[in-house]
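Just below is one structure, and these are the notes that go with it.
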Amino acid sequence: MNNIFKFSLYIFLTLAFAWLAFVVGAKNQYGDLSQTSESLEENGSIIKGEDLYPQSMPGIAQLGAKEYLSLGCVTCHTQQVRSEESGFDVERGWGKRPSVPRDYILQDEVLLGHNRVGPDLANVGLREYSSEWLHRHLFMPQSVVEGSICQPSPFLYKISKSPTESSIKTETIDKSEIYIIPSLRANRIVSYLQSLHQNYQLPEIAFSDGEEEDETILSEVDTSTSISETNSSSLPTWLSQQITSGKEIYSKVSSGGGMCVACHLPNGKGQPGAIPPLADSDWVLGDKERLIKISIHGLQGEIAVNGEKYVGVMQGFGQPLASPLDDQQIADVLTYIRNEWGNSVSAISPEEVKAVRDSEKDRELTSMWTNAELQKDDSSD
Amino acid sequence: MKKSAEQQIDQSARLAVSFFVASAGLWLLAAALLAYIAAAKLTDPLFLSAYEFFTYGKIKISQANAFVYGWGGNSIFAVSLWILSRLSQSPVRGTIFLLFAGTVWNLAITFGIAGILDGHMHGHELLEMPKEVWPALFVSYLIIAFLILVVFRTRKQTITIAPQWFIVAAIIWFPCLFLFAWNGLEINPGRGTLPAILSMWFGQNIIWLWLTPVALGCAYYIIPSVLNRTIDKYYLAIFGFWCIAALAPWSVVHHLEGGPVPMWVPAIGTVMSIAMVFPIAVASTNFHSTAFKDISKVWNYLPLRFVIFGTLSYTISSYIGIIFSIPAVAKLTQFSIINEFHFNQRVYGFFSMIIFGVVYHILPQLTGREIGSAAKNFHFWTSALGVFGLLLAYLIGGLTHGVLAQQPSLAWVTVIESVKPYFLITEFAFVILGFSQLVFVLNVWKVLFPNPFTYLNTRPEKKFAR
């Protein structure tokens, strides 16, 4: 105790032992959990299914998780259903089964929380709240749940006295009717809440009460099941490879991915007025060169897709980001979006991407295209 | 006139300790204000709801950070410097570096809390401040910790005693904890619920291995030195110290009971929490059997009254905490507002009360000026009342919350409706505590800067010529 160096060493070791167990030990035990298609059935047998679970959230929901975190929702809401020995959570209806570590492996922000002043949200996506209801609740919880002490978030909405497009009718605290227009952030949070569910069985855990799976809800969540996968057997191998790799780039939001899904969504429908659709879009199905140019350099300003106006900014993926996409990757992701959601047109090859990249090599990588420029280029051809 | 060695040591510590006490006071007020806003928002959700800066979650988390790092950090620096320099009979060196690092520490917390309010919160317990401020916090902490350890290292006598173990250990634990957490959450993050275990471990250990040992060290210092008698059954103290060191880092994860983590994690936590009976019993025996031998002196000397309030609160509520870590009880109360009881008893009922006592004990010796006893008494009684009301409301409210929450037939909003009266009591308690802490800060600032205007105009040589 009298030698400070020895003393510090002992002090450090007391911590280090606990750290070895809770961090190193736990990581060795379950740090490499992955998605699985197996599930434990009522009779105790393990069955191999078609789809992999847990599934990753749509990009917009992943952005919603960040909004949820930054507003501090985790202070009052847990996202964990406790095991039956240690809690009454399943009986209370917080979930169909206790949560297990595998449920969280694809979440960037794991927000378990440890206070339940508000309800548990691990399965809020299963509770059949419409997005209008969730928006009304976010705007003014007391208008839909009388006596709630949840904090209103009016700063996420534009308020108007009369109905407009995409507005939602709701009530203020003094029961007067108003219309609210959700901001992009509000939409992200609602998508996040709707994507929260543990509605699948895993090899380590089955549903507690043995009820039938709620097929309607599952099918809603599973809109991302792709045509390309079901059709892949009839496609030539090189094409299905390009499509599979393109889908991965499209959906991946961390480094090495294209993050496309964050804005264009898993269903390729985008957002009215801001993010143009990719499904059945004249831009995606049309001129390949224009598509490649946008992918490399990005696009800003107003454009018209299928006759509708969109104003927004898309960053180019040839840009010197943390991990820019190379010719092959751009070709893959463009081929994917041209053959998904009912789209079915010719593939784009890496050579075509390279040709466009070479012809535009004098253009600065950070200089985004505008609609006017793209049209001028068209007419000069 | 030649100064005694003790006066010289006090003088070497004066500027740095004054700086840390003064800034700790300001953080205490900031935390009190935030605590009031958070409590008021629970009783009236529409209060300040139009401003995004003031969502309940942000305010609540800012309050915890302002309290732990602002008030807790600064007061730890102040009492550690003073107690170690007294016990080591060694002067404080490098005051200019202490002041510089202290300023950086305070600025970094200010930016960090502004970052939380601005929506850049992180999801890890007591690491919520944006990660940009952490390097500044960490480096400034290292500078301060180094200079505190220099005081300890240059001590006149080889043998060490209990207050030194507790304080030196706390000073060393914080950076170790931080590096473990930073490695596991930022540099080398695990997937899924791995970071959740680490974040729980870090957040609870900050309370158990940083705030708690410093407060225990203060009690081990102040009780024998004021009563002028040795600690009763002092030979147990070393056992108590190593018990806390060995058990606390394991016990804190019992809060994950039943959660999506391997079962052995909360199981170890529960066993170790129950084993914490030993160090708590040791500290309690040491403090209380010494203090109760001369209870009239404890009662009459106000700093000691604060400290004994703190140690009693530590004993009682730690035992309550152990009861609530038993799985059968945790089943009911794990996610209820009992958690607020645990946090508040530790930071208000225990840590703050002891720090108040120590500050009142050292300020007259440091500055040569006395604090009015009426003001001190007012502070004591309002603190005691506020803490008592707050803890009782959270305890009974938490039980109500936990029991009702398990009834599947009750709508969630009905459960919350029945807890609302307790939220109202906590709001009142935070108002009382706010006033009481304002009085404390006024008391302290009046002694440190008796007349701010002449103080600023006096030339530096004159200031210390006394």
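Naming: A, B, ... by sequence-line order, numbering from 1 per chain.
- Here A:Leu33 is the residue among A:Leu33, A:Val81, A:Leu13, A:Asp103 with the most heavy-atom pairs under 4.5 Å with chain B.
- Heavy atoms of B:Lys41 lying under 4.5 Å from chain A belong to its backbone as well as its side chain.
- Taking the side-chain contact (heavy atoms from CB on, under 4.5 Å) definition, one finds that A:Gln29 meets it with B:Pro262, B:Trp264, sequence neighbours left out.
- A donor-acceptor contact shorter than 3.5 Å links the side chain of A:Gln201 to the backbone of A:Phe207.
- With respect to the salt-bridge test (charged N to carboxylate O, under 4.0 angstrom), the residues B:Glu128 and B:Lys60 do not qualify.
- Residue with the most contacts toward chain A among B:Ala411, B:Ala196, B:Ser336, B:Pro408: B:Pro408 (heavy-atom pairs, distance under 4.5 Å).
- With a threshold of 4.5 angstrom between heavy atoms, B:Val413 approaches chain A through side-chain atoms but not through N, CA, C or O.
- Ranked by heavy-atom pairs shorter than 4.5 Å toward chain A, the options B:Trp412, B:Phe47, B:Trp201 are led by B:Trp412.
- With a 4.5 angstrom heavy-atom cutoff, B:Pro266 does not touch chain A via any of its atoms.
- Ring geometry for B:Trp242 against A:Phe7 counts as perpendicular: the plane angle is over 60°, on a 0 to 90° scale with 30° as the lower cut.
- Among the candidates B:Gly192, B:Cys176, B:Gly184, B:Ala248, the residue making the largest number of heavy-atom pairs closer than 4.5 Å to chain A is B:Gly192.
- Looking at B:His254, its side chain does come within 3.5 Å of a backbone N or O of B:Ser251 through a donor-acceptor pair.
- Contacts between residues 51-58 of chain B and chain A, counted as heavy-atom pairs separated by less than 4.5 Å, involve B:Tyr51, B:Glu52, B:Thr55, B:Tyr56, B:Gly57, B:Lys58.
- Atoms NE2 and CE, on A:His114 and B:Met200 in that order, are 5.0 Å from each other to the nearest 0.5 Å.
- No donor-acceptor pair under 3.5 Å is formed between the side chain of A:Asn115 and the backbone N or O of A:Cys76.
- Cation-pi check for A:Arg97 over A:Tyr200 is met; the charged atom lies under 6.0 angstrom from the ring centroid and within 45 degrees of its normal.
- For the pair B:Tyr394/B:Phe343, no side-chain contact is recorded, criterion being any heavy-atom separation below 4.5 Å from C-beta on.
- Two residues are said to be in side-chain contact when any heavy atoms from C-beta on lie closer than 4.5 Å; A:Ile149 and B:Phe423 meet this criterion.
- Aromatic rings from B:Trp173 and B:Trp208 are positioned such that their centres are separated by 6.0 Å or more.
- Between the side chains of A:Ser83 and A:Ser86, at least one donor N or O sits under 3.5 Å from an acceptor N or O.
- Interface remark: B:Glu125 contributes side-chain atoms only to the contact with chain A (heavy atom separation under 4.5 Å).
- Counting heavy-atom pairs closer than 4.5 Å to chain B, the top-ranked of the candidates A:Val145, A:Val100, A:Val117, A:Val23 is A:Val117.
- Applying the side-chain contact (heavy atoms from CB on, under 4.5 Å) test to A:Ala65 and every residue at least two apart in sequence or in another chain returns A:Tyr192.
- For chain B, the nearby part of A:Glu84 is the backbone; its heavy atoms alone come within less than 4.5 Å.
- How far CD of A:Glu67 is from OG of A:Ser153: 10.5 Å, rounded to the nearest 0.5 Å.
- B:Arg155 and B:Ser90 are not linked by any side-chain donor-acceptor pair at a separation below 3.5 angstrom, with hydrogens and angles left out of the test.
- With 3.5 Å as the limit, one finds a donor-acceptor pair spanning the side chains of A:Ser99 and A:Gln198.
- Here the side chains of B:Gln407 and B:Val415 are not in contact, with every heavy-atom distance at 4.5 Å or above.
- Proximity to chain A is limited to the side chain of B:His401, based on heavy atoms less than 4.5 angstrom apart.
- Of the two parts of B:Ala330, only the backbone, made up of N, CA, C and O, holds a non-hydrogen atom closer than 4.5 Å to a non-hydrogen atom of chain A.
- Interface remark: B:Ile337 contributes side-chain atoms only to the contact with chain A (heavy atom separation under 4.5 Å).
- Contact of the B:Leu247 side chain with the B:Pro279 side chain is registered, since non-hydrogen atoms from C-beta on lie closer than 4.5 Å.
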Between A:Asn123 and A:Lys96, is the side-chain contact (heavy atoms from CB on, under 4.5 Å) condition met? List the steps. CA-CA 9 Å; A:Asn123 286 291; A:Lys96 294 182 165 185; over 6 Å; no
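- By number of non-hydrogen pairs under 4.5 angstrom with chain B, the leading residue of A:Lys27, A:Glu91, A:Glu109 is A:Lys27.
- For A:Tyr68, no part lies near chain B; criterion is any non-hydrogen pair under 4.5 Å.
- Contact of B:Leu177 with chain A is made through backbone and side chain together, with heavy-atom distances under 4.5 Å.
- Proximity to chain A is absent for every atom of B:Ala328, based on heavy atoms less than 4.5 angstrom apart.
- Proximity to chain B (any heavy atom under 4.5 Å) is shown, for A:Cys73, by neither the backbone nor the side chain.
- Most heavy-atom pairs under 4.5 Å with chain B, from the set A:Ala16, A:Ser70, A:Ala21: that is A:Ser70.
- In this structure the side chain of B:Pro45 never reaches within 4.5 angstrom of the side chain of A:Cys150, judged on heavy atoms.
- Between A:Phe12 and B:Ile172 the shortest side-chain heavy-atom distance does not fall below 4.5 Å.
- Of the atoms belonging to B:Gln406, heavy atoms from both backbone and side chain fall under 4.5 Å from chain A.
- Near-neighbour residues of residues 133-140 of chain A relative to chain B, defined by a heavy atom under 4.5 Å from a heavy atom of that chain, comprise A:Met140.
- Contact of B:Thr158 with chain A is made through the backbone alone, with heavy-atom distances under 4.5 Å.
- Considering only heavy atoms from C-beta on, B:Leu127 stays 4.5 Å or farther from B:Ser199 through its side chain.
- For the set A:Leu106, A:Leu15, A:Leu112, the entry with the most heavy-atom pairs within less than 4.5 Å of chain B is A:Leu15.
- Residues A:Asp89 and A:Arg92 form no side-chain contact, since every pair of their non-hydrogen atoms from C-beta on lies 4.5 Å or further apart.
- Heavy atoms of B:Val265 lying under 4.5 Å from chain A belong to its backbone as well as its side chain.
- For B:Met272, no part lies under 4.5 angstrom from a heavy atom of chain A.
- Contact count against chain B (heavy-atom pairs under 4.5 Å) is highest for A:Thr75 among A:Asp120, A:Thr78, A:Leu156, A:Thr75.
- Of the residues considered (B:Val253, B:Asn205, B:Leu332), B:Val253 shows the highest number of contacts with chain A, using heavy-atom pairs under 4.5 Å.
- The candidate with the highest count of non-hydrogen atom pairs below 4.5 Å against chain A, out of B:Val261, B:Thr43, B:Ile61, is B:Val261.
- Ring-centre distance between B:Phe241 and B:Phe166: below the 6.0 Å cut-off.
- In this structure, the portions of B:Leu410 lying under 4.5 Å from any heavy atom of chain A include both its backbone and its side chain.
- With chain A as partner, the option from B:Leu194, B:Ile116, B:Asp118 having the largest number of non-hydrogen pairs under 4.5 angstrom is B:Leu194.
- Residue A:Val24: no heavy atom, backbone or side chain, is found under 4.5 Å from chain B.
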